[in-house]
Protein chains: 2
Amino acid sequence: MTIDTTGLTRRQQEILAFIRHALETEGRPPTRAEVCRAFGFKSPNAAESHLRALAAKGAITLEEGRARGIRLPGGFPRRSSAFRDEGLPLIGHVAAGNPILAIEHIESHHPIDPSLFSPRADYLLRVKGLSMRDAGILDGDLLAIHRSETARNGQVVVARVRDDVTVKTFSARGKLVSLLPANPDFEPITVDTEIEPLAIEGLVVGLIRNGLPG
Amino acid sequence: MTIDTTGLTRRQQEILAFIRHALETEGRPPTRAEVCRAFGFKSPNAAESHLRALAAKGAITLEEGRARGIRLPGGFPRRSSAFRDEGLPLIGHVAAGNPILAIEHIESHHPIDPSLFSPRADYLLRVKGLSMRDAGILDGDLLAIHRSETARNGQVVVARVRDDVTVKTFSARGKLVSLLPANPDFEPITVDTEIEPLAIEGLVVGLIRNGLPG
DNA sequence: ATCAAGACTGTATAAAATATCAGTCAATCA
DNA sequence: TGATTGACTGATATTTTATACAGTCTTGAT
């Protein structure tokens with residue numbers, strides 16, 4: 001059982017992956033015929049209808065009447081010689097109870113040198129929400145995370161509590177742990193570790209933001 | 001025999017630049033017709049012969065009989081040669097009047113893929129001060145900058161004004177340009193471009209922070 | 001002065017690619 | 001149980017694209 005973050009069917013995900021692959025290896029989107037060859041379809045309409053479905057779901061954009069008129073809305077994958085096959089995994093949605101680095105959570109890889117951060121980053125997490133706004137952590141930012149099961153007061157941590165994964169400032173007083181937001185609009189989460197489990201997944205060791213407003 | 005990239009004519013360089021531009025902005029190579037439209041050619045053969053010339057000189061590869069069958073041998077367009085394979089230069093203190101990318105300003109190189117950002121980053125600047133705090137830009141952050149001499153309202157820019165280089169939100173009303181901080185403790189800088197010069201050095205296209213507090 | 005290369009116009013056409021119509025088959029959903 | 005959706009086959013019309021052929025005009029080198 002795989003996690004469906006996109007609303008795409010399995011086949012549609014395969015087609016989308018093929019489009020990405022074509023962009024990366026050929027430097028241009030595939031034609032309908034090329035999709036057919038790759039999947040063994042005997043009719044170009046098979047490819048056509050898959051593309052229409054993907055476009056209807058917003059996964060791609062189709063330009064009418066143009067050869068290879070397929071676009072990936074979120075920008076297209078680029079080849080990058082020096083950093084290829086290295087870099088950090090970007091973790092997408094994390095299902096309750098699952099280990100954070102499970103393969104099905106890996107959304108993509110980003111060409112970032114793990115040793116750019118100190119201590120070394122192990123993976124990236126995409127920030128949702130503004131609960132750490134005043135710490136300069138905004139919605140959509142990528143956080144570089146160093147795996148660690150322990151934290152000291154004042155460190156910004158990735159914590160798993162009540163079947164939720166959250167990023168907050170860590171603050172422990174005895175058995176009582178508080179996860180503090182950096183935004184007055186949000187409430188701290190307080191956990192009595194004698195009663196409820198609290199797991200530290202890692203420490204925030206850096207931040208990457210791309211595409212500032214404008 | 002080696003490829004002589006400098007052996008391209010002015011026109012051929014323009015065509016090549018257009019191909020790169022198309023790849024970056026459209027995600028695919030142009031057709032002959034698109035080249036014609038871009039340059040105002042009235043015959044598709046004008047584009048065809050330019051492409052042949054570029055292919056003969058090794059600047060591109062042509063795939064026979066395929067729509068948009070233009071490839072750049074070095075893969076996807078990358079930055080110009082100066083900093084290739086060395087990551088992005090981090091610009092330190094910028095002396096008044098000196099071009100920002102002068103070699104003496106380069107503090108170090110960071111192993112970051114320029115295409116991580118969109119548009120591509122050309123260099124990094126270290127943030128001093130908190131004047132953009134509410135935009136999530138904190139003291140010590142590295143900003144990824146895309147070189148540009150123009151900006152639109154609302155974009156965060158690197159601007160040179162009154163012998164100072166500063167990062168602010170750009171806002172123009174006619175000849176009057178305001179550089180707005182994102183922090184109520186700081187005052188906007190307003191410049192009448194008829195009287196005082198104002199130069200845009202680049203656009204902020206990303207941010208890197210390492211070593212969060214803790 | 002002639003020659004070659006570069007930068008085009010203009011016309012034509014085959015091949016590539018898009019787009020549409022008409023179906024089949026299986027699984028899921030109301 | 002009928003309707004809808006997804007995943008296709010098969011055929012074909014139409015548009016886009018590549019590419020060939022025949023020229024003009026200019027510039028710089030021999």
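Chain A is the first sequence line, chain B the second, and so forth, proteins listed ahead of strands; every chain is numbered from 1.
- Going from atom CD of B/E196 over to atom NZ of B/K175 covers 15.5 Å, rounded to the nearest 0.5 Å.
- Atoms OG1 and CD1, on B/T166 and B/I189 in that order, are 5.0 Å from each other to the nearest 0.5 Å.
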Just list the side-chain donor-acceptor pairs under 3.5 Å for residues 34-43 of chain B, sequence neighbours left out, or say none.
{"unit_1": "B/E34", "atom_1": "OE1", "unit_2": "B/T31", "atom_2": "N", "d": "3.1"}
{"unit_1": "B/E34", "atom_1": "OE1", "unit_2": "B/R68", "atom_2": "NH1", "d": "2.9"}
{"unit_1": "B/E34", "atom_1": "OE2", "unit_2": "B/R68", "atom_2": "NH1", "d": "3.2"}
{"unit_1": "B/E34", "atom_1": "OE2", "unit_2": "B/R68", "atom_2": "NH2", "d": "3.1"}
{"unit_1": "B/S43", "atom_1": "OG", "unit_2": "B/N45", "atom_2": "N", "d": "3.1"}

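- With contacts defined as side-chain heavy-atom distances shorter than 4.5 Å, the pair A/T169/A/Q155 does not qualify.
- Contact annotation: B/H50 side-chain N/O to C/dG6 OP1/OP2 distance is not under 4.0 Å.
- A/L62 CG to A/L54 CG: the interatomic distance, rounded to the nearest 0.5 Å, is 8.5 Å.
- On the nucleic acid side, DNA chain D has its first and last nucleotide under 4.0 Å of a heavy atom of chain B at D/dT17 to D/dA22, going 5' to 3'.
- Shown here are the salt bridge (charged side-chain N to carboxylate O under 4.0 Å, His left out) partners of B/E63, two or more places apart in sequence or in another chain: A/R28, B/R71.
- By the 4.0 Å N-to-carboxylate-O rule, A/E48 lies close enough to A/R52 to be salt-bridged with it.
- Between the CG atom in A/D122 and the CZ atom in A/R147 there is a gap of 6.5 Å [rounded to 0.5 Å].
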N/O contacts under 3.5 Å, protein versus nucleotides 22-26 of chain C?
{"unit_1": "C/dA22", "atom_1": "N6", "unit_2": "A/N45", "atom_2": "ND2", "d": "3.1"}

Legend entry - Under 4.0 Å protein heavy-atom contacts per nucleotide of nucleotides 12-18 of chain C, with B for base, S for backbone only and - for none: ----SSS
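- Annotation: the terminal axes of the helix from C/dA1-D/dT30 to C/dC29-D/dG2 meet at 30°, where each axis is the rotation carrying the C1' atoms of four end pairs onto the next four (5 pairs per end, rounded to 10°).
- In this structure the side chain of A/V156 reaches within 4.5 angstrom of the side chain of A/M132, judged on heavy atoms.
- DNA chain C is contacted by both B/I15 and A/S43; B/I15 maps to the nucleotide lying nearer its 5′ end (nearest heavy atom per residue).
- Side-chain contact between B/F170 and B/N153 is present, with heavy atoms from C-beta onward closer than 4.5 Å.
- One finds the CG atom of A/L207 at 9.5 Å from the CD1 atom of A/I145 (value rounded to the nearest 0.5 Å).
- Residues B/R160 and B/P197 form no side-chain contact, since every pair of their non-hydrogen atoms from C-beta on lies 4.5 Å or further apart.
- Looking at heavy atoms from C-beta onward, A/V157 lies in side-chain contact with A/L179 at the 4.5 angstrom threshold.
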